[in-house]
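Computation of the quantities below employed the complete heavy-atom set of this structure, encompassing side-chain atoms and omitting hydrogens, waters and symmetry-equivalent molecules. Note that the structure is predicted; figures quoted are calculated from it, not measured.
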Amino acid sequence: MYLSAGKGDINTIIGGIAPNWGPFASLGGEAKTMVEVVMAVAILGCLAIAIWGAAKQRIGATALRDTFSAEQGKGLIVAGLTGVFIIGSLGTLFTIVYGMAI
C-alpha cells in the first residue's frame, strides 16, 4: 500500500502556496523578510479598509438611513479586497512577467 502523505512535511504544502521569488531569488534573507513584512502590513491595511467599509455600509444602511454612506462603504469593501488580492498575487505576477521576458 502506498501512502501519498508518507513523504514531506508541512513545508511541502506551504511551499506550494509561497511565491517563487523568480528574479528576486538573489536577494538576501533580510531583504526577503523586509519585503514580506511590508506586504503583510499592506494586506492588513487593505483588510482594515474593507472592515471599515463594511461597518460604514452597515451603519449607513440601517441606523442612519444614509444611502451615500452605504454606497461609500461598498466602494471601500471592493477597494480593500482588491488590494488584498493584488498584493497577495504580486509574487506570482512578478514570476510570470519575469518568465515571459526570458
**Message:** Distance check, rounded to the nearest 0.5 Å: Gln72 atom CD versus Trp52 atom CH2?
**Reply:**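 Gln72 CD to Trp52 CH2: 10.0 Å, rounded to 0.5 Å.
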**Prompt:** Are Leu47 and Met39 linked, directly or through other ILVMFWY residues, by side chains that come within less than 4.5 angstrom of each other?
**Reply:**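 Same cluster: Leu47 reaches Met39 through Ile, Leu, Val, Met, Phe, Trp or Tyr contacts under 4.5 Å.
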**Request:** Give the minimum heavy-atom separation between Ile49 and Leu76, together with the two atoms involved.
**Result:**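 In terms of heavy atoms, the two residues are closest at CG2-O, 3.6 Å.
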**Asked** Heavy atoms, side chains only, cut-off 4.5 Å: are Cys46 and Ile87 in contact?
**Response**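 Yes; the side chains approach each other to less than 4.5 Å.
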